[in-house]
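What follows is one structure encoded as structure tokens, with my remarks underneath.
Below, each value reflects all heavy atoms present in this structure, side chains not excepted, and no hydrogens, waters or symmetry copies. Note that this is a predicted model, so its numbers are computed, not measured. Within every chain, numbering begins at 1; the chains are lettered A, B, ... in the order of the sequence lines, protein sequences first and strands thereafter.
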Amino acid sequence: MLRMHLFGAYHHRGPFSRRWRVWGWGLLVVVYVVSIGPAAALAQPDAEEAVLRGFVRSEEGGRPLQGANVVVRRMSGEIEAAGVAGDRGFYQLSRIRPGRYRLRISFVGYRPYRDTLRLAPGARRTLSVELAAAPRQMDEVTVEGGEGVEDAEVGLRKIQPADVENIPTPGPGSDLASYLRSLPEVATTGDRGGRLYVRGGTPSQNLVLVDGIPIYKPFHIIGFYSAFPGRLVSSTNFHAGGFGAEHTGRISSVMDVQLRPGNTKQYQGSVGTGPFLASAHLEGPLQRGQKSFLVHARHSLIEQAGPTLLGQDAPYKFYDVTAKVHTQGASSQCSFAGVRTYDRGRIDPDNEASFRWDNTSVGGECLLFSTQSAQTLHLSFGTTHFNNRVQSPDGTVRTAGTWKVRTKFDLTQPAPWDGALRWGGKVQVDDYGFGLEEPFLGFTSEDDFLLSASLYGDVEWKVNESLMVNPSVGAQSLFDWGGVSFDPRVQVSYQPWSGRSATLTAALGVYQQIPTTVTDERDVGSTFRAWTPSPFENRPLRADHALLGWEQQILSDIRLSAEGWYRRFQDLPVPRWTPLVRFNTNLVRADGTGYGVDLSLQYDREPFRVDVTYGYGRVQYRASRDQLGAWVGDPVVEYSPPHDRRHKVGIVTSLEAGWGTASVRWQYGSGRPFTQVYGYDTLLEVRGLRDTPSDAVGVPRALFDRPYRARLPSYHRLDVSLGRSFDLGPDVDLSVEAGAMNAYNRSNVFYIDLSTLDRVDQLPLIPYLSLQVDIQ
Amino acid sequence: MLGAVAVLAAILMLGGCDPAVSVLNPSDQYRFSLFGTLNVAADTQVIRVDPLGDATQVRSQQAFAATVLLENLETGTQVTLADSFEAIGEGSARFHNLKTAHPIQPDTRYRVSVRVDGDPVTTATTTTPARPPTLRHEPSSTDDEPFLLPCLTRSRELVESENTFTLRASAVESLAAVQVRYPIEGAFRQVDHYGDAEYRTSVNLYRISVYYGADLRVGTLAGEGCAGRSQFVQPRAQVAVTAGGPDWPDWQDASLNDIARPDTFTNVEGGHGFVGGVYSDTIQIPIQRRE
């Protein structure tokens, strides 16, 4: 069945929204006119001024070095221009006066590149460099550690491979999922199911991009793993709110993963195995120095090893395959990537309900610029498919899937002032389908085919060396809804003192999202979800973000950061309450608020690194008691959803010595809310005398108390690992890692099945030994 | 160093503890659920009494520390219902069905009370209808549709209008149930048609339309066509229409989710459920030869 949505316009939120709409249109017009309209020529930087840009990569294999510092100094030593290489290792410095300069490009752990440049008037110079690895120098830590005001952004965590490798993970290799779970801004409901909650948001409110391609649920059924093995990821920008209008369509977070390209100079590969999984990868040049390929695959082994290792069934199977082709030229860099994941298993090994999901994402992206212009163009295109299925113990099968085709462009150019202008847009087609053997939103099967588009404008304005202001606005429209929603946002960063020792950052913005998922949030053990446009006709989900952050370099090797956040949610679909013991698909509207603070203290002095984090968060939903279907409580029911984990503490220590590496991670989380039951009975339908006591068993009911008033016990766990590499030959290395997850075998509660009162615990003590052979 | 070791040891010793979770939190306010009817026309009354505060789900525990009384509030007469902890359906689920053969009077107020240690903790009060429904099926003299077999199809699709009989029920304050019984050889079939009764204000009666084509098609082995006249043990269908008392809920169009809410459509205090007073009558609908 094909159903088209025909809804009215959704300009309904009152004067606040209307004000922002006018403001939003204004900013979009300004950005457009300044970028490509008649004023474009006027808006260009001074024709005499030069532009310097290029890529910074590692000499060994051509890996992009995101975060590399690029400094252009006059011969007298004063800084003329400075910047940091972004993702893909691209940098661009503009507004450089003609003249002779000293250039220095540096990155922690690499030998700096030094050169003398003569830039002619109006020059558009492309200079790509490769940095050679070198022992880390202590004096570089301070220099590289502080970011300029233009690179600071509240809510943004730039994750490097070294960060991910510090987290103990049953290997071979590390995984981005394990690292994300260690962050104070991320909450999880357990170690299975692949769901991450960011600052009060739900998993469906997170946008995950891999090389610019969206992917719906890249986290594996065992929470240590995702589609992003540590050795495959070049860099990750994780925005836990407050992000600019470049990213529209999600209201909680954005995780922008850049896969590293294959080695452009030599072939290399690896095979590895551990109790949880086996992995293999191969990479090498397709055209030396210019084109490369990379293929990486992992497959779980836990189903076979689990009974011996854990002393219990481990009915989990997953795999992921990633392939990437990369090509780089003088004025372009393109890549094509594909990711396939598969998961299958029973969240509760004692329950016959079996879940299965898979992702397939394929696409490409290009970064282009010309020697005639100061503009850079980023293009991405791709398709992604997600499908999931659950079979209940009674044989009921539910399936749901979504398919997306998306194309996006971003155009960046220097602004007439000290800063840059960016604008772009995307067009996407979404298909949402589900098939259920029971009523679901009034349908048992559905197929929605929807076309939507969005546009954004972004103004970077470096007011002076210590203040950066970055307003942006996004507009998105689902054509069937017939309206346009505007998301105005602003980010500010301020460095009050010289030396970049302290940075104050802030952000404010509106975030709206058209699609959502239907899932029974009451059932933490269920990972099944059906994607669908917001069920409230023309009202997208909305969150207003406010963030305030402070980062302080206390000593040369100690850094402290604190970030406060506030979110106001509107029009969230939440499951209607019912005492009937079955999957619940009726949705009602809820509003909510969330606020909290995340603290982070990092000590980094070789060979030690210590990260101590604390996160406090509070999330509350509000809904009408009648709409919610609750039968106890006040007319407006306020409750904390099941992901409202108030306190989170994490300690990660790592030691890198000549004999190898050691990591210890301890984490604590306060108990999550759950709903108590005051009794059970079976409903006899007296209406129509359909059920009589003598003939009918009735429909089982769980009689819930006030929603989410009780809390599960707190959670804590210790993970340890030891690793060492052995040189087996000139081109062969063996890496051995031994460790234990949940080292003191804490019985952490995952969830209680309220229908059966079965308690499901998280994974017990897991000792592991993993081996990996690298050949090059 | 020793301190660090001690802290680590304490974590290891305490951390492995098994934290308990209390999911079931019995309520003093809601103790039992009661479901059933008091039918003036029935010989035996059966009320399901399900204790709420225990961990059993699709069954009841055998222990039943309560007494259930039926009280005629007009006369003050009380009878104690007998507990039958009986297995229901095809499974082994057993329930406390409380029974009595005590005659139920029309137009009378009754109370079912569950007493624990002599104190009533859960009660349901209801009034029985004054009279049974008056049922008529007169196709020869009114616009009632007759019961004709075999079922008529066009393009292998049943024609609803050609395979529906109608009857009328009057003198009904509330309609509680319509059940059609087809005496078919080998397997008697009873079908609920409560949703097919339409109240006609002008004539103050319910017109009940029974689409027997759908009922009898399902009953055939092949699922095609309809059960033939020869398959009927008796050449007629039996329709039981039940009137509800004055407190019978208006729940005909409610969803199952709404009915399942403990706070809706209930007359039970100190618990959940519904116990209603009803009065049934039946009518025979003969099968006529199709012209």
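- In this structure, the side chains of Q179(B) and R690(A) stay at 4.5 Å or more apart for every pair of heavy atoms.
- The minimum heavy-atom distance between W248(B) and L689(A), with the atom names listed, is CH2-CD2, 4.3 Å.
- Taken from OG in S22(B) to CG in L712(A), the straight-line distance is 11.5 Å, to the nearest 0.5 Å.
- Within a 6.0 Å sphere centred on OH of Y199(B), heavy atoms belonging to other residues, nucleotides or ligands number more than 12.
- More than 12 non-hydrogen atoms from other residues, nucleotides or ligands lie less than 6.0 angstrom from CZ of R589(A).
- For A254(B), the parts lying near chain A are the backbone and the side chain together; criterion is any non-hydrogen pair under 4.5 Å.
- I88(B) places none of its side-chain heavy atoms less than 4.5 Å from the side chain of D695(A).
- For D258(B), the part lying near chain A is the side chain, with the backbone staying farther off; criterion is any non-hydrogen pair under 4.5 Å.
- Both the backbone and the side chain of A260(B) come within less than 4.5 Å of a heavy atom of chain A.
- Checked by atom type and distance alone, the side chain of R59(B) never pairs as donor or acceptor with a backbone atom of V697(A) at under 3.5 Å.
- With a 4.5 Å cut-off on non-hydrogen atoms, P249(B) does not touch chain A at all.
- Put simply, the side chain of N25(B) does not reach to within 4.5 Å of the side chain of V677(A), judged on heavy atoms.
- Ranked by heavy-atom pairs shorter than 4.5 Å toward chain B, the options L703(A), N742(A), D691(A), L765(A) are led by L703(A).
- The closest side-chain heavy-atom distance from F674(A) to V21(B) is below 4.5 Å.
- Heavy-atom pairs under 4.5 Å with chain A were tallied for V178(B), D192(B), T56(B), D50(B); the largest tally goes to D192(B).
- When the shell of 6.0 Å around CZ of R181(B) is examined, it contains 12 or fewer heavy atoms from other residues, nucleotides or ligands.
- A heavy-atom distance below 4.5 Å is not found between the side chains of Y678(A) and L24(B).
- Considering every non-hydrogen atom in both P693(A) and G36(B), the closest pair reads CG-CA, 4.2 Å.
- Contact of T242(B) with chain A is made through the side chain alone, with heavy-atom distances under 4.5 Å.
- Nearest heavy atoms, H272(B) versus R701(A): CB-NH2, 3.8 Å.
- Within 6.0 Å of the CD atom in Q667(A), the count of heavy atoms belonging to other residues, nucleotides or ligands exceeds 12.
- Residue contact with chain A, scored on non-hydrogen atoms closer than 4.5 Å, is absent for S84(B).
- Looking only at side-chain heavy atoms (C-beta outward), L684(A) and R48(B) come within less than 4.5 Å of each other.
- Heavy atoms closer than 4.5 Å to chain A are found in both the backbone and the side chain of F274(B).
- Taking the side chain as every heavy atom from C-beta outward, V686(A) and F265(B) never approach each other to under 4.5 Å.
- Side chains of T682(A) and F35(B) form no contact here, defined as non-hydrogen atoms less than 4.5 Å apart.
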Report task. Apply side chain to side chain contact (heavy atoms under 4.5 Å, CB included) to the pair V46(B) and T692(A), showing each step before the final yes or no. Result -> CA-CA 8 Å; V46(B) 186; T692(A) 60; over 6 Å; no

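- Taking the side-chain contact (heavy atoms from CB on, under 4.5 Å) definition, one finds that T282(B) meets it with Q238(B), A240(B), sequence neighbours left out.
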